[in-house]
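Below is one structure; the comments refer to it alone.
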Amino acid sequence: MQGQSVTRIRVPFLDLRVSSKERLALLSAVDLVFQHGRFILGPEVQQLEESVAKYCGRQFAIGTGSGTDALFLALKALDIGSGDEVITTALSWIATTNAIAMTGAKVVFADIGEDLNIDPESVKELITEKTKAIVPVHYTGKICKMDALTALAQRYNIKLVEDAAQAFGSTLAGKRAGSFGDVACFSMNPMKVFAACGEAGIIVMDDPLIYEKLMALRYNGTVNKEKCIATSLNCRLDTIQAAMLLHRLQGVDLLIEKRRAIANRYGQGITSFVRIPVEAEAEKGVYYTYQIQTPTRDALKQFLEERGIETKIQHPFLMCQQPIYQHLLQRSVPCAERLVREILCLPIHEKMSLEEQDWVIDSIASFYA
Ligand SMILES: Cc1ncc(COP(=O)(O)O)c(C=O)c1O
């Protein structure tokens, strides 16, 4: 192709702009909040909590200011703190580790499998008498091997806290993400599939005692804003975000179908060139990100960039490679260390045209040709 100009279609990694049709609906939801004036814990927060609990097949949900808040509060509600150990994956956004470390517990990093999710075998090897919880992350929106993790949690009497930040709407054997652990946490920041127009998170659970504890923990550890029964912070969800999320919840399944269609198209087009995400028969992921694996990742990224295709190395470092946490690594995580050098996120969002999708596929094919 040297000397020839290549057609160039700009493909942004994400497009968070709100369509004019949706803008009207969101504005009218916000307008209702302006009218009643209950900007904090207004009726929309409770409506959202009830709707999300139902969507996830849970008894209770509690809105929080972010997914990070959700994780921190969930761990606190399970009485996790200093002297405890919590096992989590090596590969996630750093919020997972920060939330554990903020409780005072020691973070223990497990290796991942080829599916990029925590490897239950690695978890098993790391369990000690101090292990109080496992925090599996449904990375990219793919649900972890929950049967194996639940069996370990039951056998060793350990709590299971799903970090489902990336997985709202994913299902495994008909069960939704968030319905497996003692407690599960979601992020609804604007990049997520189920997204607010700002920061937002939510915790789901079945146990009424944990729910009660969380109600206090969410607002400075107080009951009725009077009595303080636990050390905590202000982690409430804004009513305005809840109002917009309530509207968006109605359309979330359609968004997921659109993303799955793009993932399917990518899969068919590029499977002979790179390792693509694969699903078991009983599995339906939301493809929060579409991560391919290839040893020639950096050259491919550069090539796609030259063709106007924006890709991302979303987490270029493992959590256990971060300067602040590297001293915590007890056992090496060889699979994670290899895969973090090979993964690349392709653009995937519901606004992508077929032309854009084909441009990505054709460009990857051209690179390997
Ligand atoms: C796996 C994971 N956990 C936790 C979080 C934290 O969520 P938030 O950004 O809403 O605090 C994120 C956010 O991207 C995430 O991807």
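Keep in mind it's a predicted model, so treat the numbers as computed, not measured. Index from 1, following the sequence. We count ligands from 1, going down the list as the structure has it; atoms in each ligand are counted the same way.
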Salt-bridge criterion met for Lys301 and Glu310 (N-O under 4.0 Å): no

query: So, Asp115 and Lys145, do they make that salt bridge, N to O below 4.0 Å?
result: yes

message: Distance alone, cut at 3.5 Å: any donor-acceptor contact between the side chains of Thr289 and Tyr139?
response: no

- line: among protein heavy atoms, the one nearest atom 11 (O) of ligand 1 is Thr68 OG1, 2.5 Å

field: Atoms of ligand 1 close to Val137 [distance to a heavy atom under 4.0 angstrom, numbered from 1]
entry: 1 (C)

- prompt: Does Gly201 reach ligand 1, in the sense of a heavy atom lying below 4.0 Å from it?
  reply: no

task: Check each atom of ligand 1 against the heavy atoms of Ala95 and keep those under 4.0 Å away; list them by number with element.
output: 4 (C), 5 (C), 6 (C)

query: Is there at least one pair of N or O atoms, one from Gln166 and one from ligand 1, spaced under 3.5 Å apart?
result: yes

task: Decide, yes or no, whether a salt bridge links Arg248 with Glu22 under the criterion of side-chain N to carboxylate O below 4.0 Å.
output: yes

message: If we check side-chain contact (heavy atoms from CB on, under 4.5 Å) with Leu73, which of these qualifies: Leu217, Leu78, Leu233?
response: Leu217

- request: Look only at the side chain of Asn224 and the backbone of Glu226, and say whether a donor-acceptor pair between them is shorter than 3.5 Å.
  value: no

- prompt: Roughly how far, to the nearest 0.5 Å, is CG of Leu149 from CD1 of Ile158?
  reply: 10.0 Å

query: Which residue holds the protein heavy atom closest to atom 12 (C) of ligand 1, what is that atom called, and what is the gap in Å?
result: Trp93 CD1, 3.4 Å

task: State whether Tyr219 and Arg236 meet the cation-pi test: NZ (Lys) or CZ (Arg) under 6.0 Å from the six-membered ring centroid, and within 45° of the perpendicular axis.
output: yes

statement: Closest to atom 3 (N) of ligand 1 among protein heavy atoms sits Asp163 OD2, 2.8 Å

Atom 2 (C) of ligand 1: nearest protein contact (heavy atom, Å): Ala165 CB, 3.4 Å

Lys192 near ligand 1 by a heavy-atom separation under 4.0 Å: yes

statement: For Ser92, the ligand 1 atoms with a heavy-atom partner under 4.0 Å come out as 1 (C)

Nearest neighbour in protein (non-hydrogen) for atom 9 (O) of ligand 1: Asn189 ND2, 3.1 Å

- line: Numbered in order shown, the ligand 1 atoms found under 4.0 Å of a heavy atom of Thr96 are 3 (N)

